[in-house]
Amino acid sequence: MAILLSVVVIFLVALAAPFLNKLFKGAAGWVLSLVPLSIFAYFISLIPLVSAGEVIKESHVWVSYLGINMSFYVDGLSLLFALIITGVGTFILIYGGGYLHGHHQIGRFYLSVLLFMGSMLGVVLADNIISMFVFWELTSISSYLLIGFNHEKEDSRKAALQALLVTGSGGLAMLAGAIILVQITGTMEMSEMLNATGVAESPLYLGMLILILAGCFTKSAQFPFHFWLPGAMAAPTPVSAYLHSATMVKAGVYLMARLNPVIGGTEIWFYTLTSFGAATMIIGAWLALCHTDLKRVLAYSTVMALGTLTMLIGMGHEYAMKAAAVFLLGHSMYKGALFMVAGSIDHEAGTRDVRMLGGLRKLMPYTATFAAIAALSMAGVAPMLGFIGKELVYEAALSVHAFPLVLITIAVVANIAIVASCGIVAIRPFYGEQKETPKHAHEAPISMWLGPAFLSVFSLVFGVLPFLIDQSIISKASAAIGGTPDLVFSLSLWHGINAALILSIVTFLSGVGVYFIWDKIRDGAGLQGFGKLFGQVPEKGYDHLLSGMLSFAGIQTRFFQNGNLRYYLITILGLTIALFGFTLFTQSGTVIPTDFSSIYAYEWVLALVIVTSAFVALRAESGLVAIAALGVMGYSIALIYVLFSAPDLAITQVLVETLTVILVALVLIHIPKAKMQVKPSSKLRDGIIAGSVGLLVTLILFAVLDLEFDPYMSEFFAENSYVIAKGRNIVNVILVDFRALDTLGEIVVIGVAGIGIYGLIKLGKSVLKKEEA
Amino acid sequence: MEPLLAIVVGFLFAFSIYLLLRRNLVRVVIGVIILSNAVNLLFFTVSRIDRGIPPLIPAGEYVPVGDIANPLPQALILTAIVIGFGLLAFSLVLTYRAYKELGTIDVDEMREAEPRPQLKKEGK
């Protein structure tokens, strides 16, 4: 119950947030942060259980007839994520309160952020894969609301829609993949999928893998879907710090990690994840250097981190699992801190453009200090947690079974750019000559440096004292990713002088070098061309796809709904011919009757008269001829009814036919003859369509007549007509007794038609002509 | 007799569809008349027909004596004939009114509700 409660409470508080905001005014952020803080404390209390190797499960019936339960599952991996979500979330609420202080829609901000927090917690805790999908989509929706927070700006709206469409369509693909996975494993609970065997051998494996990875790659901004993430920087900075670096974008990584023991371990898994991951890593890292906007630099470095995590999960060996867990935690902490710092700078100095910033250290001493610590962790400098993480990444890349040299080269080159980005984000704005900024800068309020303070200081503490986290939680998270429950290890800063350490030193020194020449290379052709190719081309592709879809919809609509009655009919009839004809010829086959011997000569004549008179009506140039022909046809049909035991039908037909002829004659007098030009080709087309329909109807009738007739209903009426309803004319009894309500409906229809006719003739002189005048 | 009527029904369908595809609204209405007759006849045919045994119960009997024609489709067709007439009367008068209002009976010219598509670019 407790886990469900922890998710539900957040949703409830989310709904109450706008009111709490009114109640507590400026302190609302602090008050609301107590919610994630207490849930954070609850999850901390689960650490001893989980580190002892237990998994906590909880299941609630939701949609029982589909087997969908609201079930939860806490192991090392979900616990690590839950702690990051609630821990960072606590500071984000506090920070958001300061950052958006006085904003007229801050209540909505709290609502959306808490909505997201609950959804994200649901994603990482859910055991049932369908429940997980529901939470997954909720994160996309809350992300949409948050990116579009400044909805007056067109850029915000566009970025929000872009993020929603990219992650949403990926999410749909993932749903399909999840359903296939359920088919293969026979269970919806991810904890039970771990026991499934033969997943990789299933013929559905490849399709399932592509669909699920489509969801993960779009959500976690892997190349070439990475473009939505920098766009999402249109969101207020607390949102970027939370959703678009520490948590939501890691949902795809989470799912890959969670399913790694089930669907991973194959060659295709290895090559897909390592190649997409490595490409994302190096492209993201260097795209960061093409920009001078602090948030964009950070966004692209986040893309790099997501690529790193994807690559690590793909590698599949023990080092990689360790590295993934450590890097995940390390990244969430330093990146969350640095985003908040970037927001503080923007908030206090009025710009995020690094070219306009400098020497803020004296004005913003706390922010500068914590930025520096966080940046050291990001750059992977000892003794930070980020250092341990990067060492492990290097070791993982070195010990991979295929192409270790390629992967380690990519990792080093990517990390060089990251070191340079650290300098751009944490050194340049604070050191050097003090520059004139749009706003006169001063230190941010405590709400805005508390988060960076905690996150950066703990990056240091965990680095110096790794035993605080290694066996209790990191080991268990790695074990869950690898599917090896017994994995236990210790972390340490010093591994002796080995290849990874040397590479780290090389990385750091080259990174510093790149930082110092950054001003020179930034606008150079090389980096700008790189930015165009990998930053703008995928986004252009998205734009073209979107506008292509819209214009395709336009063309399709104009084609099918062109307002021309005949084309509508042709479409409907064409489809009817195709579908009925296909079914008839493939399913039942055609039957051609050969026995016409029981038909009397006068019946042949009657049939010929009906067809001929109808044809005359079709060909008639003058209305009068058509009326006469129609009359002949109608009376002949009445004769058919007479001959074949239907006297009531014959009487009705004669009456109606007489009325019809009179009515048509009355109307046609008022309408002049009109000759309308029709191309011979369209006459031919109409003839073919009409002929096909006629042929099809005849063939269907032949097929139906070949079947046994079931007289059950008719016998019922015959037997009960007199006994129950006291009538000897069975047809009449059916009409006025057994199916009296139908007849009443019929009378109503005729009445309505009569009223309509009266209205058309008598009322409202001329609507259209009045409008024109 | 049923196979012959099946062929007749096929012809009536073909003629009526051809008329429904004309530009002249009067001919469309003639198509409607033929179509409603064709459908009635179709229904009559599929429920099997017999000569000279109307579905009546002789005086003094409680149930029909011997074979009778199938009464149920007859009841349904009777309804259909009447409804068909209602439809026809309404569409005839609608045609008349449309001619009075629009001055044409060319269905291609009647574009008040769905004007011709504008081929200019969307947006901007």
Side-chain angles (χ1 to χ4, degrees), chain A residues 558 562-563 565-566 569 593 599 603 607 610-611 614 617-618 626 630 637 644-649 652-653 656 660 663 667 670-671 674 676 686 690-691 693-695 697-698 701-702 704-705 709 713-714 717-719 722-723 728-731 734-735 746 749-750 753 756-757 760-761 766 768, chain B residues 1-4 6-15 17-21 23-24 26 30 33-34 37 46 48-57 62-64 69-72 74-75 77-79 81-83 85-86 88-90 92-94 96-97 99 101 105-107 111 114 117:
Chain A
R558 278 194 291 276
N562 52 10
L565 178 68
R566 288 181 301 154
L569 269 175
I599 302 168
E603 289 168 357
I610 295 173
V611 173
L618 181 149
L630 282 178
I637 289 172
F644 290 90
S645 322
D648 300 286
L649 290 190
T652 318
Q653 176 80 9
V656 163
T660 303
L663 204 62
V667 170
H670 294 284
I671 299 176
M676 286 162 207
D686 296 347
V693 173
L695 186 67
V697 168
T698 300
L701 267 175
F702 284 162
V704 171
L705 289 171
F709 185 73
M713 289 289 285
S714 309
F717 288 118
E719 281 161 19
Y722 187 77
V723 180
R728 295 187 182 280
N729 182 336
I730 303 172
V731 175
I734 294 173
L735 280 171
E746 176 196 351
V749 170
I750 297 296
I757 290 166
L760 283 172
I761 295 174
S766 175
L768 291 172
Chain B
M1 185 60 189
E2 284 98 338
L4 178 60
I7 295 167
V8 171
V9 169
F11 273 107
L12 293 188
F13 261 90
F15 296 159
I17 297 291
Y18 185 80
L19 286 168
L20 288 179
L21 294 174
R23 282 173 68 183
N24 186 332
V26 172
I30 294 173
I33 298 175
I34 298 180
N37 274 302
V46 285
R48 313 296 195 273
I49 49 176
D50 296 289
R51 298 186 187 87
I53 40 170
L56 301 171
I57 301 170
Y62 291 96
V63 291
N70 190 352
L72 183 59
Q74 293 193 17
I77 295 168
L78 207 151
T79 310
I81 294 174
V82 179
I83 296 274
F85 174 69
L88 166 70
F90 187 79
L92 261 177
V93 177
L94 195 62
Y96 166 73
R97 180 73 189 225
Y99 169 69
E101 292 284 338
I105 48 168
D106 184 349
V107 289
R111 306 292 296 234
E114 289 179 273

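Hydrogens, waters and symmetry mates are skipped; everything else that's a heavy atom, side chains included, is used. Since the model is a prediction, treat every value here as computed from it, not as a measurement. By convention in this document, chain letters (A, B, ...) are assigned in the order of the sequence lines, proteins followed by strands, and residues within each chain are numbered from 1.
Only the side chain of B:Val107 comes within contact range of chain A, judged by heavy atoms closer than 4.5 Å. With a 4.5 Å cut-off on non-hydrogen atoms, A:Leu663 touches chain B through its backbone and its side chain both. Contacts of A:Ile750 with chain B are made by side-chain atoms alone, with heavy-atom separations under 4.5 Å and no backbone atom involved. Of the atoms belonging to A:Ile637, it is side-chain heavy atoms, and not backbone ones, that fall under 4.5 Å from chain B. Both the backbone and the side chain of B:Arg23 come within contact range of chain A, each with at least one heavy atom under 4.5 Å from a heavy atom of that chain. The contact between A:Phe709 and chain B is made by backbone and side chain atoms together, counting heavy-atom distances below 4.5 Å. Only the side chain of B:Leu12 comes within less than 4.5 Å of a heavy atom in chain A; its backbone stays farther off. Contacts of B:Leu88 with chain A are made by side-chain atoms alone, with heavy-atom separations under 4.5 Å and no backbone atom involved. With a 4.5 Å cut-off on non-hydrogen atoms, A:Leu565 touches chain B through its side chain but not through its backbone. Heavy-atom distances place the side chain of A:Val749, and not its backbone, under 4.5 Å from chain B. Residue A:Val731 touches chain B through both its backbone and its side chain, counting heavy-atom pairs closer than 4.5 Å. Looking at B:Val82, the atoms closer than 4.5 Å to chain A (heavy atoms on both sides) sit in the backbone and in the side chain alike. The contact between B:Leu19 and chain A is made entirely by side chain atoms (from C-beta outward), counting heavy-atom distances below 4.5 Å.
Contact count against chain B (heavy-atom pairs under 4.5 Å) is highest for A:Arg728 among A:Gln653, A:His670, A:Arg728, A:Arg566. Here B:Leu21 is the residue among B:Leu72, B:Leu21, B:Val93 with the most heavy-atom pairs under 4.5 Å with chain A. The residue among A:Asp648, A:Ile599, A:Leu695, A:Leu649 with the most heavy atom pairs within less than 4.5 Å of chain B is A:Leu649. The choice from A:Val723, A:Leu630, A:Val693 that makes the most heavy-atom pairs within less than 4.5 Å of chain B is A:Leu630. Counting heavy-atom pairs closer than 4.5 Å to chain B, the top-ranked of the candidates A:Leu735, A:Leu705, A:Leu569 is A:Leu705. Your options are B:Ala69, B:Ala6, B:Gly86, and the one with the most heavy-atom pairs under 4.5 Å with chain A is B:Ala6. When the candidates B:Asp50, B:Val63, B:Val8, B:Ile33 are compared by the number of heavy-atom contacts under 4.5 Å with chain A, B:Asp50 comes out ahead. Of the listed residues (A:Val697, A:Ile671, A:Asp686), the greatest number of heavy-atom pairs within a distance under 4.5 Å of chain B belongs to A:Asp686. Of the listed residues A:Ile610, A:Val704, A:Thr698, the one with more heavy-atom pairs under 4.5 angstrom with chain B than any other is A:Thr698. Ranked by non-hydrogen atom pairs under 4.5 Å with chain A, the options B:Asp106, B:Val9, B:Thr79, B:Ile77 are led by B:Thr79.
Nearest approach of A:Ile730 to A:Ala718, heavy atoms of both residues: CD1-CA, 3.9 Å. The heavy-atom pair separating B:Leu56 from B:Pro64 by the smallest distance is O-CB, 4.1 Å. Here the closest heavy-atom approach between residue B:Arg97 and residue A:Ile761 is recorded as NH1-O, 4.2 Å. Of all heavy-atom pairs between B:Gly52 and A:Ser645, the closest is N-OG, 3.1 Å. The minimum heavy-atom distance linking A:Phe702 with B:Pro3 is given by the pair CE2-O, 3.6 Å. Looking at every heavy atom in both residues, B:Phe13 comes nearest to A:Gly694 through CB-CA, 4.2 Å.
Atom OH of A:Tyr722 is separated from atom CD1 of B:Ile57 by 8.5 Å, given to the nearest 0.5 angstrom. The distance from the CZ atom of B:Arg48 to the OG atom of A:Ser714 is 11.0 Å, given to the nearest 0.5 Å. Interatomic distance, A:Thr652 OG1 to B:Ile81 CD1, rounded to the nearest 0.5 Å: 5.5 Å.
In terms of modelled atom types and a separation under 3.5 Å, the side chain of B:Glu2 and the main chain of B:Ile49 share a donor-acceptor contact.
A heavy-atom distance below 4.5 Å is not found between the side chains of A:Leu760 and B:Tyr96. Side-chain contact between A:Ile734 and B:Pro71 is present, with at least one heavy-atom pair separated by less than 4.5 Å.
Remark: B:Arg51 fails to qualify as a cation-pi partner of A:Phe644 under the 6.0 Å distance and 45° angle criteria applied to the six-membered ring.
The neighbour count for B:Phe11 CZ, taken as heavy atoms of other residues, nucleotides or ligands under 6.0 Å away, does not exceed 12.
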